[in-house]
Amino acid sequence: MQIFFKPEIREFHLRNDEISYIIGVLDDGRLGQLHFGAALSPGPSYRHLIGARQRGFEKGGGDFALLEYPARGTGDFRVPALEVVHADGSRVIEPVYAGHRILAGKTALSGLPSTYVEKESEASTLEVDLVDGPSGLIVTLIYSIFRDVPAIARSVRFKNSGARPIRLDCVMSALLDLPDADWEMLSYSGAWARERSEFRRALAPGIQSVYSVRGASSHQANPFVALARPDAGEVSGEILGFSLVYSGNFLAEAEVGPYRTTRVRLGIEPTTFSWLIEPGESFQSPEAILAYSPSGLGALSDAYHRLYRERLARGYWRDRPRPVLINNWEGTYFDFDEARLFGIARAANELGVELFVLDDGWFGERDDETSSLGDWRVDKRKLPGGIEGIARKIEALGMKFGIWIEPEMVSPKSELFEAKPDWAVGIPGRRRTTARNQYVLDFSNPEVIEHLYSTMVALLRSAPISYVKWDMNRNVTEAFGATLPPERQGEFFHRYILGVYELYRRITSDFPEVLFESCAGGGGRFDPGMLAYAPQAWTSDDTDAAERLGIQWSSSLCYPLSSMGAHLSATPNHQTGRITPLSTRAAVAFFGVFGYELDAAALAPAAREEISRQIVFYKQYRDLIQRGRFLRIRSPFEGDGNHCAWMCASEDRKRAVVGVYRLLNRPNPAAERFPLRGLDPALVYRVSLWPELSGGDFVRIDNEGVRGGDELMTVGISIADDPWQAASRGDFWSQLFVVSAE
Ligand code: DGJ
């Protein structure tokens, strides 16, 4: 990996073994985008790729030139990377090249989550300074190229070196101009309990975008998009990935221009953002991660998984096996006392569960959703011995204890709201909208953060707490920062999320060995920003196994399995009413950070027996699942959507666990084959089924035993029942295979 600079022509080439990113200073001082994609030889110049010649009405930098960080007002009429308002009200800005630095390693971003390196040799960084002469605004474009991942981290730092204030109205973290429009845009859409469904559409002239203005990355959207060549699939074709390390309002957009160029931009959502920089002040944008794969989505996911698992997530739990947990939410909701919780913990402990998590309802007088958020003192009616009492009892069983908290919220019916009504987000003189009977606390106010910091420290010191589930159950409305002056109200949303990061940073550094799981009514803030503080996140409130196939499949496009909380819950499922076999619920939840979400004390003996075997299995393979390669084999969105298959393989390609799923059963079904990946074609593997099936089962007869890696990766695993065996399986059938090199 290296960054080359050709001073005669002022061209930069960032290169590792897999990718090249090439930009050059144009004659007018702006930066041009020359290439992002496959690694190119470092020798030649690529200046000719800019193609910026005069056309008709347009000057050399018009709507056809490929630019690096364009602004509006001087001949480029496409969506901009940067918009400002000067003190005189004018909006034109022309930042031009003023100098650069090439640095070893990668620096952290002030106040924001970002990827990092452990050794300087893992990345190189280029900082290019552009200066707008009349205003004195210095725009520093920051690029880090990683040695081992086909990805570039981009962000932008602004400094006002002029004499008058400047308002930033739009600051993209990255903009990429591509020379053609033969792409399809892959993005996520969703809602509560059906987050991150993948969606693919051909690019068309004009703008296509996904965004959030909810104060969080949201259930509905996610700060990840990819551009795929129309023929690109899981294992072939060019793909570009764009992911924003940010948890607040974001925009990810592609504009196809009049010359069929494509402009992609990614950053803070501009209509809900502005930031005033006074002379001498600076502003740092969030980080965008741009990745490239010449061979399909699988390799793109490999890049994001590796980077996010190993160089975004951090701390004590990054590489450690995550505990199998039981959470009481779906088991009890608000209806519990110490005896009931202890009964669940004891039963779960006997089954092999390692961590008990006490969810919502332990504080204030919270018997339902209508009160007490903000009053983070234990409800002695339910827990007479306090948090310490129940935590110590659970620890005495040999289990760890974890707790739920929703620090960003306040109930209108709470002591906190009575004492500090102006801490709740709202505009004086206007009504506040409640959602889930709660208000959002004003995290742009440092006093609020200070209060929550001391509250959380006191809670975490009060008892042996090993895990925290940090929830956030509503979005921001009536956005207004009570302590911000009128000219800074546009800063509210970004300041809010900076406040969340600040609290997370302080708490996680004070309690480095506590495992944090982020949550937002399920997956409403499931993004790379959160992963920098909490290495795992509650993927969705939907625990239905059939639904989870789609949610976990899609989430894995960008996010590693080590980030996805996945729990087995009771049937009928609480979100869908669906009844699925216990074995399938496990076979789906195994592919994530595994746990249970039910009343373990109420299980029938046969279920207890099966669950204890599930836990033994997961513990045996969790290193592979949490830290191995995840490979998608058959999409639940493909064809009639009736099958799904995926697998985890060890980096050395010697071990794998494969899950195959069939949703609805059909009489007399056709045979299905699932070619595996991530193995070594030259090795010989033993394939075994888990759990073991009875002697005459065809799935067993066809697959079990010794098979060549070449056969497994071309012919694959086969599912070929006769009609009578198929009839015995019912709906929502699944099968797990364990593959190990002989
Ligand atoms: C939403 C979360 O996603 C659930 O798991 C649970 O913690 C509830 N909040 C509790 O209010």
Side-chain angles (χ1 to χ4, degrees), residues 190-196 214-220 222 247 325-336 341 344 355-376 378-379 382 387 401-414 434-441 459 465 467-475 515-527 530 534 536-544 547-548 551-552 555 563-570 573-576 585 589 592-599:
W192 172 78
R194 48 184 174 80
E195 298 89 344
R196 290 177 302 288
R214 295 165 188 264
S217 47
S218 86
H219 297 91
Q220 290 73 11
N222 192 270
S247 313
L325 66 79
I326 186 156
N327 177 306
N328 72 305
W329 179 243
E330 285 198 17
T332 66
Y333 295 105
F334 294 102
D335 180 19
F336 60 79
L341 295 180
I344 295 174
L355 165 71
F356 174 86
V357 179
L358 170 54
D359 210 281
D360 195 353
W362 57 265
F363 51 92
E365 289 183 3
R366 188 147 164 106
D367 296 328
D368 54 33
E369 291 173 358
T370 61
S371 82
S372 303
L373 295 170
D375 300 343
W376 302 111
V378 71
D379 182 350
K382 293 178 186 171
I387 294 298
F401 175 82
I403 199 161
W404 175 100
I405 186 166
E406 195 179 4
E408 292 156 72
M409 300 292 153
V410 63
S411 305
K413 206 165 121 197
S414 67
T434 48
R436 210 195 188 214
N437 303 294
Q438 61 198 57
Y439 298 138
V440 182
L441 285 173
L459 173 66
I465 295 174
Y467 160 109
V468 170
K469 176 177 173 186
W470 179 321
D471 204 351
M472 191 282 286
N473 280 295
R474 64 156 288 181
N475 292 137
L515 172 60
F516 281 77
E517 176 154 351
S518 76
C519 174
R525 205 165 56 185
F526 190 100
D527 56 59
M530 283 293 130
Q536 60 192 62
W538 184 220
T539 313
S540 174
D541 270 350
D542 190 346
T543 55
D544 177 276
E547 299 290 317
R548 272 292 185 124
I551 295 172
Q552 291 172 210
S555 299
S563 68
M564 283 186 222
H567 300 171
L568 185 159
S569 62
N573 178 267
H574 293 196
Q575 294 78 42
T576 59
R585 281 176 274 153
V593 181
F594 184 57
Y596 291 84
E597 182 126 354
L598 41 69
D599 182 353

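Quick note: numbers below take in every heavy atom, side chains included, and nothing from hydrogens, waters or symmetry partners. Just so it is clear, the model here is predicted, and its values are computed rather than measured. For ligands, and for the atoms within them, numbers begin at 1 and follow the listed sequence.
- Val593 meets the side-chain contact (heavy atoms from CB on, under 4.5 Å) test with Arg322, Gln536, Gln626; sequence neighbours excluded.
- Although no hydrogens or angles enter the test, the distance criterion places no donor-acceptor pair under 3.5 Å between the side chain of His567 and the main chain of Leu598.
- Residue contacts with ligand 1: Ala520 is placed with no nitrogen or oxygen under 3.5 Å of a nitrogen or oxygen of the ligand (distance criterion only).
- Closest protein heavy atom to atom 5 (O) of ligand 1: Lys469 NZ, 2.7 Å.
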Evaluate salt bridge (charged side-chain N to carboxylate O under 4.0 Å, His left out) for Arg366 paired with Asp379, printing each intermediate quantity in order.
-> CA-CA 8 Å; Arg366 188 147 164 106; Asp379 182 350; over 6 Å; no

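- Distance alone, capped at 3.5 Å, is enough to place a donor-acceptor pair between the Arg585 side chain and the Ser569 backbone.
- Shown in contact with Cys519 at under 4.0 Å from a heavy atom are these atoms of ligand 1, numbered in order with element: 2 (C), 3 (O).
- Using cut-offs of 30° and 60° for the angle between ring planes, the Phe401 and Phe356 rings count as parallel.
- Of the protein's non-hydrogen atoms, Asp471 OD2, 2.7 Å is the one closest to atom 9 (N) of ligand 1.
- Remark: Asp375 pairs with no residue by the side chain to side chain donor-acceptor pair (under 3.5 Å) rule, at least two apart or across chains.
- With hydrogens and angles ignored, the 3.5 Å screen pairs no side-chain donor or acceptor of Ser371 with any backbone N or O of Gly364.
- For an aromatic pair to be called close, the ring centres must be under 6.0 Å apart, and Phe334 with Trp329 satisfies this.
- Of the heavy atoms in Asn473, only side-chain atoms (C-beta onward) come closer than 4.0 Å to ligand 1.
- Contacts between Glu406 and ligand 1 below 4.0 angstrom, taking non-hydrogen atoms only, are absent altogether.
- Only side-chain heavy atoms of Arg436 come within less than 4.0 Å of ligand 1; its backbone N, CA, C and O stay farther off.
- With hydrogens left out, the protein atom closest to atom 6 (C) of ligand 1 is Asp359 OD1, 3.4 Å, a heavy atom.
- The contact set between ligand 1 and Trp404, taken as ligand atoms under 4.0 Å from a residue heavy atom, comprises 7 (O), 10 (C), 11 (O).
- Taking every heavy atom of Trp538 and a limit of under 4.0 angstrom, the matching atoms of ligand 1 come to 3 (O), 5 (O).
- The closest protein non-hydrogen atom to atom 4 (C) of ligand 1 is Asp541 OD1, 3.4 Å.
- In terms of protein heavy-atom proximity, atom 11 (O) of ligand 1 is closest to Asp360 OD2, 2.6 Å.
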